[in-house]
Structures are given as structure tokens and as C-alpha cells.
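Ligands are counted one by one from 1 in listed order, and the atoms in each one are counted from 1 as well.
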Amino acid sequence: MSCVVQKFGGTSVATLERINHVAEIVAKNKQNKNIVAVVSAMAGVTNKFIEYAHSLNGYEGNPEYDFIISSGEMVTAGLLSVALNNMGIKARSYAGWQVPINTSSNYGSADIESIGIQNIISDLNNGIVPIICGFQGIDKKNRITTLGRGGSDLTAVAIADAIKAEICDIYSDVDGVYTVDPNLYFKAKRLDKVYYNEMLEMAALGAKVLQEQSVAYALKKQIKIRVASSFVENGGTIISNEIPTRKFCGIAITHNLVQLKVFYNNESLDIDSLLRKHFIRIDIIKVVPYKISFFLDRKKLNIVKEILLKIDNVINIKQEMIHRHCSRLSLIGFDLKQKDFEYVLSLMSSNNIEIFCCSKGKYGINLVLLTEFLFKAIDILHRNCGL
Ligand code: ADP
Ligand code: ASP
Ligand code: MG
């Protein structure tokens, strides 16, 4: 029988009623497929634990922090297992270490190194639904680790790869990937298909619907993902290696940017590549010998400072004053050329939208602009770029 991994995010398991509903989805799908479920903490729970940890000065990097913030997933896995057993479906819960999901010791955003699949396979052979806590792993020091915010997506994709599942379903509160966050722009359109690299770009540049690391893993291992809603049955969006026929696919937004200037004493230091390895994207404003100036998502400020200050060659980091209300708009598409970039810039200038900084990659065009012009820009791009 074919096998599918189904991951249920925080809003999908936010209440006991929602957990019972998720149990119904699993029960229905189990009729013709083997199901492995991966669950997040109930909505808001991880945020609460992070608040608790912070108020006692527990921060990312400390294994106790991971121990605290990983605990929400345990409750959901247990509850879903009970709900399924109540329906007469055999199920059992697994903490990350019980699987086991072996990770690096990079507490707060650990990498998955290997997964033991014997327990899962044995459950499937015995008609049992394994319910795995997302977001959690265990390192060689026998400490619990976490996989970064939104890390249950990564758990699901990595499990799908390990057990050779036919697809990894990510259930959320949206019925697919849209041209832009549908909670931000009501005319956003749902996409049927998105190419891996486009999704990676979207996730990296602010679309929260999938965790960036999970998309990078799916791309590397060629795992097909379906983003769907646990609230309505509606097909969803497939993320795969199918080459798109259209040019542009969507827009990702990052609000609340900060500007940093970094001074260093080794000319060959490549700060952009270094930060990318940590899944941090920056918009470069200027690089001159021994100095780089860039825009950054304010949420990543502390982690970036921490990474940079560990480098011997970094001498000083300065936070610049920028206009408080700047956002980054990233237009994502396939195989973007210089002429596409010029077209987008001309659209902005003919509509009197000032761009403070811009850059172009193969799959994305990034524009930093005043937040007050954001909706106008989103609208113009939808009307002129086939979104
Ligand atoms: P979960 O808790 O299920 O993991 P998330 O909150 O992480 O769900 O992701 C779903 C949210 O992603 C949606 O509520 C939506 O606001 C946001 N989102 C951002 N960009 C997009 C997009 N392009 N398409 C769909 N949803 C998006
Ligand atoms: N509960 C974790 C978080 O809120 C992991 C996840 O939801 O995917 O980040
Ligand atoms: Mg999520």
C-alpha cells in the first residue's frame, strides 16, 4: 500500500474539536493509504513557551530552551492518538527522540542528520498510525533539539523522504499557496503548482506557509509536497520539480526591515553566502572593501549579530537609522532575466513608487519600498505580471 505523510499545523490542531476533525481526515485517508501523521503544537502554545523562557532569560542556543519550547507538540501527538483510538483506529504517539530523529547540536535550529525508521515501518505493518511530534529531534549528547520556527514542516518532509512516501501533505489554515499571503491581499489567487526553487524563494523571503528549511530539504531529496487546508477540501497546491510555463508565480513580503553595516578586516569574507547557510537572506545595499551594508528582517537581527560576532574577522556592526516603515517586496518567478527586472522597475517608476534598494536573482526580484506603497505595488504586479 502506498504511504503518505500528513502534517497538521498549529491552527489545524488548535482545539479539541479541531483535533477530532484531524482524526477524521486521517481515518478517511487511512482507508486506502498508510498514513504517518506529524503534528505541531496547538496554535499559540510555542509562542507562550518562548515567552516563558525569555522571561527567565532562556534563549536560543541553550538546550534547556529547546526542551521547553518543544513540549507543545507532545500534547498534540498524545491527544490525536487518543482521538484516533476512540474512533477504533490504532495509533501511537512518538516524541522526536523515540523515532529517533537525530540532529546536530545547533539548539534552536538544528539540522536533521538521520532518521531511524524501524518503529514507523513496524507500526505501518501492524496497521498502526504513527503520530510524530514535529519540530523535535535529539542530538548525540542526548539532548532534545528543535528545528527552527515552523520546523514541523521539516519533520514531515524528512520523514516522507526516510520512508519513501509518495507525497508529503502539509495541512494548514490556507487551502494552498497563493500569489501572495491571502490574509494580506484578498485578490490573491491560489496556485495549482509551484516549482521547488520558486517555493524556496517564497519561503526564504517571507511567505510563512512553508518553512524554508523544509523546502530546501524537499528540493534536495525531490520530495513532492501538497499544501492543503484541514478546514476545507479543495485540492491544494503541489510543490514539485515540474517546470512552470508561466513567468511570475507570486509575491513574498517582509515587513519591518533593519539596516546593518558590518566592518571586517578580511577582504575575502563573504557575509551574504555565510548568512545564507543559516537560512538568512539579506538585501545588499553596498559592498566596499572591508564593509557591507544591507537590509535585514528585524526578527533575524539577534541571530545575525550572534553569527557575525563569532567571526574573528568582523570588527564592528552598526545598526543604521532607516525609515521606520520600509518593507521588502519579492516578486518570485522562474528563470528571471534582466529584462524582467527592468520591466518591474519601470512599472514601479511609472506609478511613482520609489524603490530604495533592489536586487535580482534567478527566481526573485527584491524591492525595498515604503510600506505605505506596498498594496499599490502588489496590485500593480497582479494586474501586469499575470498573477
Ligand atoms: P501552520 O500553523 O499550519 O504551520 P502557518 O501559519 O505556518 O500555518 O502558515 C499558514 C499561513 O501562511 C497562512 O495563514 C497565511 O497567512 C501565510 N501565508 C503567507 N504567504 C502565503 C502564501 N503565499 N500563500 C498562502 N499562505 C501564505
Ligand atoms: N510549534 C513550532 C512553532 O510554532 C513548530 C511548528 O509549528 O511547525 O514554530
Ligand atoms: Mg507553519
Side-chain angles (χ1 to χ4, degrees), residues 6-14 18 22 38-51 53 60 65-66 68-77 96 101 108-110 132-137 144-159 168-192 194 198-215 225-232 234 236-237 239 248-255 299 329-332 364 378 381-382 387:
Q6 303 200 303
K7 177 255 166 177
F8 298 92
T11 41
S12 300
V13 294
R18 295 304 315 160
V22 163
V38 173
V39 290
S40 291
M42 295 160 94
V45 166
T46 311
N47 285 346
K48 192 80 222 163
F49 293 160
I50 289 174
E51 247 177 58
E60 206 169 302
Y65 178 80
D66 292 49
I68 299 163
I69 72 163
S70 65
S71 55
E73 272 66 13
M74 303 262 300
V75 177
T76 321
I101 297 176
S109 35
I132 299 168
C133 291
F135 188 47
Q136 305 179 346
I144 286 174
T145 56
T146 57
L147 309 177
R149 294 309 305 270
S152 301
D153 295 341
L154 177 58
T155 308
V157 170
I159 298 270
C168 178
D169 285 340
I170 304 282
Y171 283 97
S172 184
D173 58 346
V174 276
D175 61 351
V177 179
Y178 278 69
T179 49
V180 67
D181 186 344
N183 292 318
L184 200 75
Y185 179 71
F186 77 97
K187 287 192 254 169
K189 296 187 196 112
R190 186 159 60 98
L191 299 158
D192 291 334
V194 180
E198 293 176 327
M199 194 63 234
L200 187 60
E201 207 68 7
M202 271 212 168
L205 295 166
K208 180 177 171 232
V209 62
L210 283 176
Q211 189 216 29
E212 183 187 357
Q213 290 89 322
S214 73
V215 185
I225 299 179
R226 186 174 69 104
V227 176
S229 164
S230 65
F231 293 75
V232 285
N234 213 354
T237 302
I239 292 106
F248 296 108
C249 115
I251 295 169
I253 306 290
T254 312
H255 295 294
K299 289 200 279 311
L329 181 157
S330 307
L331 177 63
I332 317 294
I378 292 173
L381 294 173
H382 271 78
L387 297 179

Do Leu329 and Leu381 have side chains that get closer than 4.5 Å, going by heavy atoms? yes
Atoms in ligand 2 with a heavy atom of Arg149 nearer than 4.0 Å: 3 (C), 4 (O), 9 (O)
Contact with ligand 2 for Gly150, non-hydrogen, under 4.0 angstrom: yes
Thr155 side chain reached by Leu147 side chain, heavy atoms, under 4.5 Å: yes
In terms of the angle between their ring planes, are Phe8 and Tyr171 parallel, tilted or perpendicular, with boundaries placed at 30° and 60°? parallel
Ser40 N/O to ligand 2 N/O under 3.5 Å: yes
Around ligand 1, what residues show up once you keep those with a heavy atom under 4.0 Å from it? Lys7, Gly9, Gly10, Thr11, Tyr171, Ser172, Asp173, Val174, Gly176, Val177, Tyr178, Val180, Asp181, Pro182, Asn183, Ala207, Lys208, Val209
Taking side chain to side chain contact (heavy atoms under 4.5 Å, CB included) as the test, write out the residues that go with Ser214, two or more places apart. Asp153, Leu154, Val157, Leu210, Gln211
What I'd like to find out is whether the side chain of Val75 reaches to under 4.5 Å of the side chain of Val45, using heavy atoms alone. no
Distance-only N or O hit between ligand 2 and Thr46, under 3.5 Å: yes
Measuring only between side-chain heavy atoms, which start at C-beta, is Phe135 closer than 4.5 Å to Ile69? yes
Which protein heavy atom lies closest to atom 6 (C) of ligand 2, and at what distance to 0.1 Å? Ser152 OG, 3.3 Å
Going by side-chain hydrogen bond (donor to acceptor under 3.5 Å, both in side chains), name the residues that satisfy it together with Ser40, two or more places apart in sequence or in a different chain. Ser152
Any idea which heavy atoms bring Ser70 and Thr146 closest together, and the distance? CB-CG2, 3.6 Å
Partners of Asp175 by side-chain hydrogen bond (donor to acceptor under 3.5 Å, both in side chains), sequence neighbours excluded? Tyr178, Asn234
Would you call Arg149 and Ile50 a side-chain contact if the rule is heavy atoms closer than 4.5 Å? yes
What do you reckon, does Gly148 have a nitrogen or oxygen under 3.5 Å from a nitrogen or oxygen of ligand 2? no
For Gly134, state whether at least one heavy atom is located under 4.0 Å from any atom of ligand 2. no
Counting from 1, what ligand 2 atoms have a heavy atom of Glu73 closer than 4.0 Å? 1 (N), 2 (C), 5 (C)
